[in-house]
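Worth saying up front: this structure is predicted, and the values here are computed from it rather than measured. Both backbone and side-chain heavy atoms feed into the values below; hydrogens, waters and symmetry mates do not.
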Amino acid sequence: QAQLVESGGGSVQPGGSLRLSCAASGYMHGRYCMVWFRQRPGEEREGVAHIGYDDDSEYVDAVKGRFTISQDKKKSTVYLQMNNLRPEDTAIYYCGTIFGRYCPADWTLTRVIDRWGQGTQVTVSS
C-alpha cells in the first residue's frame with residue numbers, strides 16, 4: 001500500500017519561505033493528480049493547489065502568486081514552494097492523491113481525495 005509522507009514544515013516569520021515535500025513510498029499504480037490541502041485551527045480542510053500528471057496546475061486565490069506546486073515523477077515527490085508567507089497561512093498542510101491523469105474540477109472537495117499524508121505543521125508568526 002502506497003503512503004504519502006510530508007516534510008518541510010516549520011516556523012517562519014511573515015514574508016519568509018518554506019518548501020514542503022510529499023514523497024510517495026510503495027507502489028502507486030496508474031496516474032494521479034496530486035494535491036495540497038491545509039487545515040487552519042478551528043477550520044475545515046481546504047484545497048490549496050493541484051498538479052496533474054502532465055504538470056497542469058491550479059491554485060486557490062489565497063495563494064496565487066505566492067505558492068508554486070511542482071513534481072519530480074522520478075522521485076515520486078511533489079513540492080509546494082511557499083513564498084511571502086502570511087500569518088493566515090498557518091495550518092497543517094496535507095498532500096493527497098486523486099486517481100486519474102487529469103485533476104477534476106471538484107479537486108478542492110475532501111471527498112474526492114483517495115489518499116492522504118499525515119500532515120506537516122506550518123506556523124507563520126513574528
Side-chain angles (χ1 to χ4, degrees):
Q1 180 102 13
Q3 290 187 323
L4 303 175
V5 179
E6 301 97 332
S7 61
S11 296
V12 295
Q13 294 186 339
S17 298
L18 284 173
R19 187 195 195 202
L20 306 183
S21 299
C22 171
S25 64
Y27 179 68
M28 289 176 56
H29 178 70
R31 297 173 177 176
Y32 288 85
C33 165
M34 302 299 296
V35 300
W36 283 99
F37 275 61
R38 67 185 179 186
Q39 189 163 15
R40 292 183 277 196
E43 298 186 14
E44 294 184 353
R45 201 171 295 191
E46 61 179 3
V48 174
H50 77 61
I51 188 164
Y53 185 80
D54 296 324
D55 292 334
D56 52 300
S57 61
E58 184 178 341
Y59 305 86
V60 295
D61 288 345
V63 306
K64 279 182 182 177
R66 301 188 298 122
F67 291 12
T68 303
I69 190 170
S70 61
Q71 65 184 336
D72 184 334
K73 290 193 277 286
K74 290 184 179 179
K75 294 183 178 179
S76 299
T77 301
V78 176
Y79 305 97
L80 187 67
Q81 177 67 44
M82 306 186 295
N83 298 327
N84 192 20
L85 283 161
R86 304 167 180 169
E88 56 264 37
D89 295 317
T90 294
I92 301 173
Y93 284 72
Y94 299 89
C95 68
T97 62
I98 304 171
F99 182 77
R101 184 188 190 111
Y102 303 106
C103 296
D106 59 354
W107 67 273
T108 59
L109 299 178
T110 55
R111 60 178 170 82
V112 305
I113 310 301
D114 52 45
R115 183 182 291 113
W116 293 102
Q118 84 290 350
T120 185
Q121 176 71 49
V122 171
T123 302
V124 185
S125 174
S126 55

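By the salt bridge (Lys or Arg N to Asp or Glu O under 4.0 Å) test, Lys73 is found to be paired with Asp55, residues two or more places apart in sequence or in another chain being considered.
One distance of note links OH of Tyr53 with CZ of Arg101; it measures 7.0 Å at 0.5 Å rounding. Here SG of Cys33 is found 9.0 Å from CD1 of Ile51. Values are rounded to the nearest 0.5 Å. Separation of atoms SG (Cys103) and CG (Asp54) is listed at 10.0 Å; rounding is to 0.5 Å. Summarising the geometry, atom CD belonging to Gln81 is positioned 12.0 Å from atom CD1 belonging to Ile69; distances are rounded to the nearest 0.5 Å. Note that the OH atom of Tyr93 and the CD atom of Gln121 stand 9.5 Å from one another [nearest 0.5 Å]. Ile92 contributes atom CD1, which lies 15.0 Å from atom CZ of Phe37 (distance to the nearest 0.5 angstrom).
Contact of the Thr108 side chain with the Glu46 side chain is not registered, since no non-hydrogen atoms from C-beta on lie closer than 4.5 Å. Looking at Tyr79 and Thr68, their side chains never come closer than 4.5 Å, going by heavy atoms from C-beta outward. Looking at Arg45 and Trp116, their side chains come closer than 4.5 Å, going by heavy atoms from C-beta outward. The shortest distance between side-chain heavy atoms of Glu88 and Val124 does not fall below 4.5 Å. A heavy-atom distance below 4.5 Å is found between the side chains of Val63 and Arg38. Using a 4.5 Å heavy-atom cutoff, the side chains of Tyr94 and Gln39 are in contact. Under the 4.5 Å side-chain criterion, counting only non-hydrogen atoms from C-beta, Trp36 is in contact with Glu6. Counting only heavy atoms from C-beta outward, the side chains of Ile113 and Ile98 approach each other to under 4.5 Å.
A donor-acceptor pair under 3.5 Å is formed between the side chain of Asp114 and the backbone N or O of Phe99. Side-chain atoms of Arg115 do not come within 3.5 Å of backbone N or O of Thr97 as any donor-acceptor pair. No donor-acceptor pair under 3.5 Å is formed between the side chain of Glu58 and the backbone N or O of Ala105.
In the hydrophobic cluster analysis, where Ile, Leu, Val, Met, Phe, Trp and Tyr join through side-chain heavy atoms closer than 4.5 angstrom, Leu109 is grouped together with Val48.
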Pair Thr90-Arg40, side chain to side chain contact (heavy atoms under 4.5 Å, CB included): steps then yes or no: CA-CA 6 Å; Thr90 294; Arg40 292 183 277 196; over 6 Å; no
Can you list, pair by pair, the side-chain donor-acceptor contacts under 3.5 Å of residues 10-19, counting residues two or more places apart and other chains?
residue, atom, partner, partner atom, Å
Ser17, OG, Asn83, OD1, 2.9

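Closest approach of Cys95 to Leu4, counting heavy atoms only: SG-CB, 3.8 Å.
Contact check on Arg86 versus Asp89 returns no salt bridge, with no Lys/Arg side-chain nitrogen under 4.0 Å from an Asp/Glu carboxylate oxygen.
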